[in-house]
Each structure stands twice: as structure tokens, then as C-alpha cells.
Amino acid sequence: MSENELVRLERDGDIGVIVVDNPPVNALSPGVPEGIIASLNAANADPAIKAIVLIGAGRSFIAGADIRQFGKGRPRTPLGQRTYDVMDAGTKPIVAAIHGYALGGGLENAMGCHYRIAAHSAKVGLPEVLIGILPGGGGTQRLPRLIGAQKALELIVTGRHVPAPEALTLGIVDAVVPEGGNLRAAAVAMARAKADIRPLPRVRDRNQQVAGLAANPGMFDAMRKSIARKARNQKAPYNCILAVEAACTLPFEQGLAREQELFLELENLPEARALRYAFFAEREVARIPEVTPDIHPRPIASAAVIGAGTMGGGIAMSFADFGIPVKILEASPEAMARGMERIRNNYATSVKRGSLTEAAMAERLALIEPVSTFEAIGQADAVIEAIFEEMGPKKEVFTKLDAVMKEGALLLSNTSALNIDEIASVTKRPQDVAGAHFFSPANVMKLLEVVKGAHTSPTTLASVMKLGRDIGKISVACGNCDGFLANRSRAPFSVETIIMLEEGALPEQIDKVMLDFGYPMGPFAVGDLAGLDIGWASRKRRAAENPNYRKQPISDRLCELGRFGQKTGAGWYRYEKGDRTPYPDPIVADIIREESAKLGNPPHTFTDEEILRRLLFASVNEACKILEENIAYRSSDVDVMWLHGFGFPRYRGGLMHWADTIGVQEVYNQISAWHQRYGSRWAPAQKLRDLAATNTSFRDAKPGRG
Ligand code: 3HC
């Protein structure tokens, strides 16, 4: 496409209107900045044009630089020759007219303009840090001059999107067009009103906002301290702080040069590559081959949840949080009362923390209606069964759902592992049945694993994917197998943690490796938080059913001692009263030593690298089997599940992206070596062999054999 088509200069009387038209979000792809500059030059040179409006066509102003161009080694436009420079040097006022999103380079262009007006629903922000870089188009120098360093620092370091009304209060925009108003007309009127005002108010000249802050380094140190835990192993947040610091200590031009330096340090780091990868992986999940453009998802205006337990309650909250009325069905009045109490308490905690208002809590609670009969939910557009994980009772529920639900309703099971086809088989409409696996706590965790059964129709699949998005989740689809994609790929990780204990590794040692890698908590600390008794009960049940069930003597001994985790003051760690800090416990170390000796395991010293690789490679191998069996559509779907379901550090991209940074060949060699040493559980997946043989990355792996 030529520059002229990406950006055009229109006229509205004496106002030149520069329209950026690069669908879907007007990213600053090659040709767009050049087009803006050409239009600015033309408008400045035209005596009939008194003032200029910069606006986006379609659904957004400008969503920022074209992220696909990063890391490609393209030459950067030299300082002094960019759109902002032409704006700064211009002789006529420019009004940025913002609707949809003005993000990153989009907001930077808006800040290059002399005035900014936004639609009521618009959002602005500098989210570069979320893709591992910093605002490299003057954003770190202009935003502090516009709204002060303290507020700019918060916005640049968090990358959060700011709604237009807040942007007005902060001073990022000068006016907001009320809902239903005409942004373009308002921007043209503003441009006309400002046409004769001189000097032109350039953001770069507002030095009074940053003057004197050089003497307040405490603000920057405090920010570094406050992000230390969350931003560990990352560089971008720290470079963001340095860049804002430069805005306060250096003249504008030198500040821009410093911003460039700090930007270039980041663009090609593994952290930035991983975050860009995660951005596109999260969008790729929506592409499902059988969901062709002619398939239209069914709208979901009402929902029902079966079961008022922790999961059912969390799912009901997820609907209410997004304004969708939901009925919650529980047979026993006591269980229902407990469930509703839990929901009320959860909301009350948010109110106490200040993240929810009393009024919003009341609105959400009003959307959740407790009911006690199946007949009462028959008209819901979607129903999610969230009872305990047993096939018999689930089938009973689906038999009843088949009898009462209206035609076309989505019949969904929140199972985390059970066969969705067997559940669907008791209905006369298996095409409407699918898995909708939420992660705990369901109202908080972003992941929705959508499980496609053998008979699930493409419309149902598309509808569940959309339902997930409608309630703020990232929906990832997969096929039907024991544990589906998420839990099946995670299971070998859990097995390996236990086996390493049996070989003498200590919980604190394993947890530290995973914490250093970037997980918010290690697996044993998580176990203590969740409670060890649930796993113990399930192990006892499985052992009774299956004489070959592999025992977990160390975990069992802890539970036999009443060590169920934080709630009993001891589990894998010991805890002091009122303190959640996990302290290593010599009693646990003794149990590990004894059980390890009983199993005949020779003493073994683990390196951190061995621990990390054993845990994660085990899962990479399983993910290869999952791909091979066509359970996953692509390897990046595994990554999205690990990022949003299991707390995998985002700046490492996801399990498979991380494995790619090590290299498929090395992963294969290591797994093969462990196969020799530890036996069949480490047998390399055929898919892994194939990828290694053809030196194909996990990213490029196709599902199926070969
Ligand atoms: N570059 C390239 N493609 C982009 C893009 C960008 N900045 N922003 C969005 N897209 C693409 C998406 O990949 C998607 O493509 P697809 O349809 O082929 O999958 C399409 O546009 C639509 O995007 P979404 O599905 O995400 O649409 P939403 O409406 O849900 O969200 C959005 C819109 C909030 C703008 C979201 O896309 C987003 O957050 N985009 C990234 C914004 C960003 O990070 N901007 C800063 C870029 S870096 C920068 O500007 C550097 C500068 O300082 C030098």
C-alpha cells in the first residue's frame, strides 16, 4: 500500500484533517509515519489551512508502533526527522482527535500535537514496558512534562491504559467529547478556536513540570524498590525509570538521546522477544481452523452454574463481573447459603482493598440468583456444570440439563480432566456440549481451557471461545484427552518434583530455583497455600482403586503428621503464627532423607540447572506428545495456557518459547540422556525426535505426526 493510502489529508473548510487509515488498529507500520509527515508538510505549506487535526480511521486513533517490526534490525528514523520533530517545527496548531486507543507511539504522536481531545470511551497509555521496551518516541520525555514526573512514572512503569475521563483529570488530554458526541466535529471546532493562538503550546517546552525534580532522586529509588519483586530478572521497567529520571535531569534534546540509548538496550533482549511472542501468541489462540468465517458464535446474554462450591461461585462471579446475569443452582440449602456467603465475602474483600465500590458489589450480587431446581435454569444461554470431579454425578447432571435446557443452549462442563465425550453421550445434543475448564480462583485467573469433544460443533466451539472473551478470559481451545492440554502438560512437572524429593532434593531448594526462574512462588510453597490434604485424599482414593498406583511416601508422611500446609502451621515448610513466610523445616529434611534411603536412592547433589530442566523438560516432552496427538492446535497455545493458568513468567514467553531459547536439539539430547538413566518416563516423544531430526523449532512445529 502506498503512503497516500495509509494516511490522507482531507479538508474541512480551513482545517486540514490528517486521517491515518491502517486497519485494524492504525499501527505505525512502514509508510504511516512517512504519510503523517507528508500530510503535515502539505498542510503547513497550504495557506488555506489554518490548523490541523490528526485522527484515526476505523476503530482506533493509533495503537502504537507496529510490534511486528521490532527485532528485525530495521534502521531507526534518526532523531530530528520523526513525526514529532515535524510537529514541533510546524507553524500551525495540531489537535489530536483520539478515539479507541492511543497507545505507545500513538500517544507519543498525540503528545507531539499541541492539543488533545478524546472520545469518552477512548483509552490512552504507554504500554511499551509490557512488551519489554520503553516509549522510544519521546514518550518518556513528554509525558512527565505534560502531567508531572510522579504520575508519568507510574503510567510508564505499569503500562496501564488510562480511560479518557481520567486522562482529562491527569492533564493528558485537554477535553473529552461526551458519549454520543462527534469527535471529528469537536476536534475541528477546537482546531478552529485555537487557530490564531501563538505561541503554539508544545509539550516539549513545559519544563516547569520537571524542573526541580532532579533534587528528588528518592522518588525514583522508591519506584525501583516498589517493583523489585515483580520486575525481577527484567530490565525494561528499570530502563523506563532511568528514562523518566533523564527527563528530570537533562534538557529535552539530551533526554531524547538518552531515551534512545535506553530503548536500544532493550529491543533485542530475550525478555523483549519473549514478551512480543506472548503478545502475538495470545492473539493466535483465536485462530481455530474449523471455526471458519461463516460460523457465528451464539450470543450469551444469561448463564447458569451448577454447584455453589468454590469453583461454581468463582465462575458465577466471573459472569456477574461482566454484567451477565447468572443463576446458580445448588440442591442443598445449606451448601447454597455457604456458597453465597463465600461470594459475598470475596466481593467484600475487594471493597475493603479498594478495588471495588460498594455500589458495584451490590450490582454484581444482584446479578447472581440462587435457585434450587433445574427447571429454573432452562432458559439460560449457557450452563456450566461445576460439581466435583466424578463421572457418575456429572453424567446425572447432564441428563437433567438435556431435559430442561432450551434448544441451542451451550452445555459446558468445568471438568479439569474427565472425558468430555462420555459426559456428552448422555445427552441428545452432543454438538452443544464442550469443556469449559476454569482455573482457581475462577473469578481471578485469566485462563479458560475450552475442550472440544468428538461431536462439539464449530458453532459451539466458537461460542465458548467468545463467551470466555466476553467475561475477560483468554480462551484457549484443545482436544479431549485425560487432563486436556493444561493439566496433562503440567502433570510431568509435578511428578518430577516428587521424584526429585525422593532423590534427596529439598523443597526449599526446588522452590528457590523456580522463584529465581521467575515464578511468583515455588511448587511446594503453592502446595502449602492450597492445602496438602486434598491431594492426600485423592491419592488414597486412587490407591484403593488401582493397586499399581504410584505412592508418594514423603507427601503421605507429612499428611499423616497433620501437616496440611499454611492452615495447620506446617506442611512442606513450617510457619509462625500470623506469618505466611515459609521456613525450611528439619523434620521435612529428615523425612526426605529416610524415605530416599528406603527407596534405595543414592545421595545426589542437584544443581539449579538440573532442577529447572528436569521440571520443565518433562513437560516440554509431554507437550510434544499433545501436539503429536492433535490435542493442541499449535505449540504457542501451550505457552498461553502456562502463562495464564500456571504463573509461568511472562518475560520467558511460555514453556515452549523458553524451550526454543535452549534449542530443540539440546532439549532432545538431554531428554534422551535421562531416558537412558531414568527409564521410560523420559522416553522422548516421537514429535520431539522429528523436530530434532529436522532441526525445526517448537514454535514452527505442526500438530500431528511428522
Ligand atoms: N502492532 C502490530 N499489530 C498490532 C498492534 C501493534 N501495535 N496492535 C494490535 N495489533 C494487531 C493484533 O495483533 C491483532 O492482529 P490479528 O487480528 O491479526 O490477530 C489486531 O491488531 C487486533 O488486535 P487485538 O486483537 O489485540 O484487538 P483489541 O481490540 O482486543 O485490542 C489493542 C486493541 C488494545 C490496541 C491491543 O491490540 C494492544 O494492546 N495492542 C498493542 C498496543 C501496544 O503495545 N502499543 C505500543 C507499541 S510499541 C511502541 O509504540 C513503541 C514506540 O514507543 C516507539
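All ligand and atom numbering here is 1-based and tracks the order in the structure.
- The N/O atoms of Gly105, backbone and side chain alike, include one that comes under 3.5 Å of an N/O atom in ligand 1.
- Checked against a 3.5 angstrom limit, the closest N/O atoms of Ala65 and ligand 1 fall inside it.
- Both tests do not hold together for Arg276 against Phe280: distance to the six-membered ring centre under 6.0 Å, angle to the ring axis within 45°.
- For atom 53 (O) of ligand 1, the nearest protein heavy atom (residue, atom name, distance) is Glu128 OE2, 2.5 Å.
- Distances below 4.0 Å separate heavy atoms of Gly104 from the following atoms of ligand 1: 46 (C), 50 (O).
- Given atom 54 (C) of ligand 1, the protein heavy atom at minimum distance is Gly136 N, 3.7 Å.
- A salt bridge is absent between Lys151 and Glu154; no separation between the charged side-chain nitrogens and carboxylate oxygens falls under 4.0 Å.
- Between the side chains of Asp660 and Tyr277, no donor-acceptor pair is found at a separation under 3.5 Å.
- Distance check: Thr456 OG1 to Leu412 CG gives 9.5 Å after rounding to the nearest 0.5 Å.
- Taking every non-hydrogen atom of Phe280 and a distance limit under 4.0 Å, the qualifying atoms of ligand 1 come out as 13 (O).
- Summarising the geometry of Ala119 relative to His99, their closest heavy-atom pair is CB-CB, 4.0 Å, with the distance given to 0.1 Å.
- Atom CD of Glu128 is separated from atom CD of Glu108 by 5.5 Å, given to the nearest 0.5 angstrom.
- Taking CZ of Arg142 as the reference point, atom CG of Leu126 lies at 11.5 Å (rounded to 0.5 Å).
- The existence of a salt bridge linking Arg8 and Asp21 is confirmed by a sub-4.0 Å separation between a basic side-chain nitrogen and an acidic carboxylate oxygen.
- Against a heavy-atom cut-off of under 4.0 Å, Pro135 is close to the following atoms of ligand 1: 53 (O).
- Judged purely by atom type and a 3.5 angstrom limit, Ser463 uses its side chain to pair as donor or acceptor with the backbone of Arg298.
- Per-residue contacts place Gly64 under 4.0 angstrom from the following atoms of ligand 1 (heavy atoms of the residue considered): 50 (O).
- Close to ligand 1: Arg59, with a non-hydrogen atom less than 4.0 angstrom away.
- Between Pro24 and ligand 1, not a single N/O pair is under 3.5 Å apart.
- Protein heavy atom nearest atom 38 (C) of ligand 1, with residue, atom name and distance: Phe279 CE1, 3.8 Å.
- Considering backbone and side-chain atoms together, Tyr101 places no N or O closer than 3.5 Å to any N or O of ligand 1.
- Glu282 has no carboxylate O lying under 4.0 Å from a charged side-chain N of Lys446, or vice versa, which leaves the two without a salt bridge.
- Between Ala63 and ligand 1, an N or O atom pair is found at a separation short of 3.5 Å.
- Between Asp66 and Arg74 there is no salt bridge, since no side-chain N of the basic residue sits under 4.0 Å from a carboxylate O of the acidic one.
- An N or O contact shorter than 3.5 Å is missing between His161 and ligand 1 by distance.
- To the nearest 0.5 angstrom, Thr460 atom OG1 is 6.0 Å from Leu410 atom CG.
- Nearest protein heavy-atom contact of atom 12 (C) of ligand 1 is Arg283 CD, 3.7 Å.
- Ligand 1 has a nitrogen or oxygen under 3.5 angstrom from a nitrogen or oxygen of Ile67.
- Here the heavy atom of the protein found nearest to atom 2 (C) of ligand 1 is Asp66 OD1, 3.3 Å.
- No part of Arg76 comes within 4.0 Å of ligand 1, judged by heavy-atom distances.
- The pair Glu284-Arg634 meets the salt-bridge criterion, since a charged nitrogen lies less than 4.0 angstrom from a carboxylate oxygen.
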Chi angles and distances behind the ring-ring contact (aromatic ring centres under 6.0 Å, His included) call for Phe517, Trp658: CA-CA 11 Å; Phe517 181 69; Trp658 169 78; 5.7 Å; yes
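- Assignment of Pro127 to the shell around ligand 1 is supported, since a heavy atom sits closer than 4.0 Å.
- Of the listed residues (Leu367, Asn443, Ile384), just one forms a side chain to side chain contact (heavy atoms under 4.5 Å, CB included) with Phe319, and that residue is Ile384.
- Inclusion of Glu108 in the set of residues having an N or O under 3.5 Å from an N or O of ligand 1 is warranted.
- When non-hydrogen atoms are compared, ligand 1 lies under 4.0 Å from the side chain of Ile131 (C-beta onward) but not from its backbone.
- Protein heavy atoms come within 4.0 Å of atom 8 (N) of ligand 1.
- Protein non-hydrogen atoms do not reach within 4.0 Å of atom 15 (O) of ligand 1.
- Looking only at protein heavy atoms, the nearest one to atom 10 (N) of ligand 1 is Val25 CG2, 3.8 Å.
- Contact analysis puts Arg287 in contact with ligand 1, with a non-hydrogen atom separation below 4.0 angstrom.
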